[in-house]
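Everything numeric here is computed off the predicted structure, so don't read it as measured data. Below, all heavy atoms of this structure are taken into account, side chains as well, without hydrogens, waters or symmetry copies.
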Amino acid sequence: MKYFERILPHICIILSGMLLVFFVIDRFNQKMGFMENEGTKFIIFVLSISSVITSILLIQFQRKE
Amino acid sequence: MSYNAIFNNPMNEQNSPNQHKRKRKTLKRLLLTDLFLIGLFLCIFALFHHVIPIRYHKIDFEPAFEVNSDANPGDKFASRFSNGETILTQNLYRTESVRVQLTAVQKDGITYYLEDIHIRNIRDLRSAFAEDMYGKSVRDWTLSIAASHHAIAAINGDNYGLGNNQSAVIRNGILFRDRADGDVLVLFSDGIMKIIPEDLFDGNKLIQEGAYQAWNFGPSLLKEGKALKIFESRINKKNPRTAIGYFEPGHYCFVVVDGRQAGYSDGMTMVELSALFESLGCELAYNLDGGKTSVMTFQDRVVNKPFAGGRETTDIIYISE
């Protein structure tokens with residue numbers, strides 16, 4: 001569980017970084033469909049889950065303080 | 001813990017400079033690892049998105065109709081064709097059923113190539129997939145695909161096999177993909193070309209109506225033969241371009257504009273390309289995949305100067321007898 005808590009923020013950083021790259025490329029070449037791809041949708045899904053869990057953990061941590 | 005609490009933590013003040021240094025190093029290492037992982041995962045994504053070829057399944061396996069060889073839309077251009085002999089020069093190919101005239105134009109820092117095409121029968125305007133395989137990321141050089149199909153003249157197509165897999169694909173009378181992404185250019189078996197809006201595209205219905213080819217890249221460049229002044233495309237800057245024009249059944253043209261090569265050719269904006277087709281007298285014109293992909297061939301040689309040597313494509317449009 002501790003390990004999971006530690007890697008969650010990194011998952012968020014990595015997936016957000018990837019989405020930022022897709023977003024920029026998509027501005028230049030929409031035809032490549034980087035933002036509409038099934039893989040991208042999966043990345044958004046995983047990022048959302050990770051973000052929610054990270055946020056819950058952070059709120060929990062703040063309340064403990 | 002708030003940022004304030006973290007950064008003003010009294011414990012932090014008690015930390016020795018060495019501990020601070022160590023923490024900073026650890027943080028830097030962690031961030032660099034994240035950055036490395038972003039790059040690694042992007043590479044893996046790219047590999048699956050547009051490098052590894054994947055074979056698709058066709059919807060229909062045989063053409064829904066036979067192109068009627070009696071109905072020759074190009075018969076009215078009889079004077080353009082030869083009387084049976086094949087006339088072949090550096091920039092002309094002329095037989096009794098096909099005439100392709102190649103012209104290179106260099107003007108105002110722009111170089112473009114025009115293939116003026118007259119065909120007696122519509123089946124001579126064809127499409128081909130790289131490696132004759134309908135699939136994702138199956139690519140080959142335009143010249144290589146053209147040579148393997150004995151093309152007289154060819155241009156790169158709409159690169160259907162890259163990107164979002166939403167584009168319409170009807171090739172040589174076969175419906176491969178019944179979707180549309182923006183306006184679709186449809187060539188019917190009677191030689192007429194039409195632009196079909198995305199919401200009206202119905203592959204099966206179009207096949208029944210005699211759709212012979214459908215290319216989906218865009219945008220459409222003319223409205224009732226008149227040039228457009230505004231394009232909502234993000235790729236409206238000067239670029240290498242490939243486009244196809246339609247005059248009337250049996251009379252078409254391929255245009256390839258070289259670009260991104262200072263001193264030789266800057267490329268064209270969509271507005272300039274649109275104006276070019278209006279000046280040629282086309283009724284309809286449609287933009288295909290451009291940039292590095294833009295390649296035109298004529299009699300087994302590349303006639304333009306593709307940017308950075310060009311790149312492979314997934315399909316071509318060609319003339320062959």
Q.
Take a 6.0 Å sphere around CD1 of Ile230(B) and say whether it holds more than 12 heavy atoms from other residues, nucleotides or ligands.
A. no

Q.
Please classify the contact between Phe41(B) and chain A as side chain, backbone, both or neither, with a heavy-atom cut-off of under 4.5 Å.
A. both

**Q.** Interchain contact, Asn159(B) with chain A, by part (heavy-atom threshold 4.5 Å)
**A.** neither

Q: Measure the shortest side-chain to side-chain distance between Phe22(A) and Leu42(B) over non-hydrogen atoms and say whether it is less than 4.5 angstrom.
A: yes

Q: Pull out the residues in residues 8-16 of chain A that come under 4.5 Å of chain B, heavy atom to heavy atom, sorted by number.
A: His10(A), Ile13(A), Ile14(A)

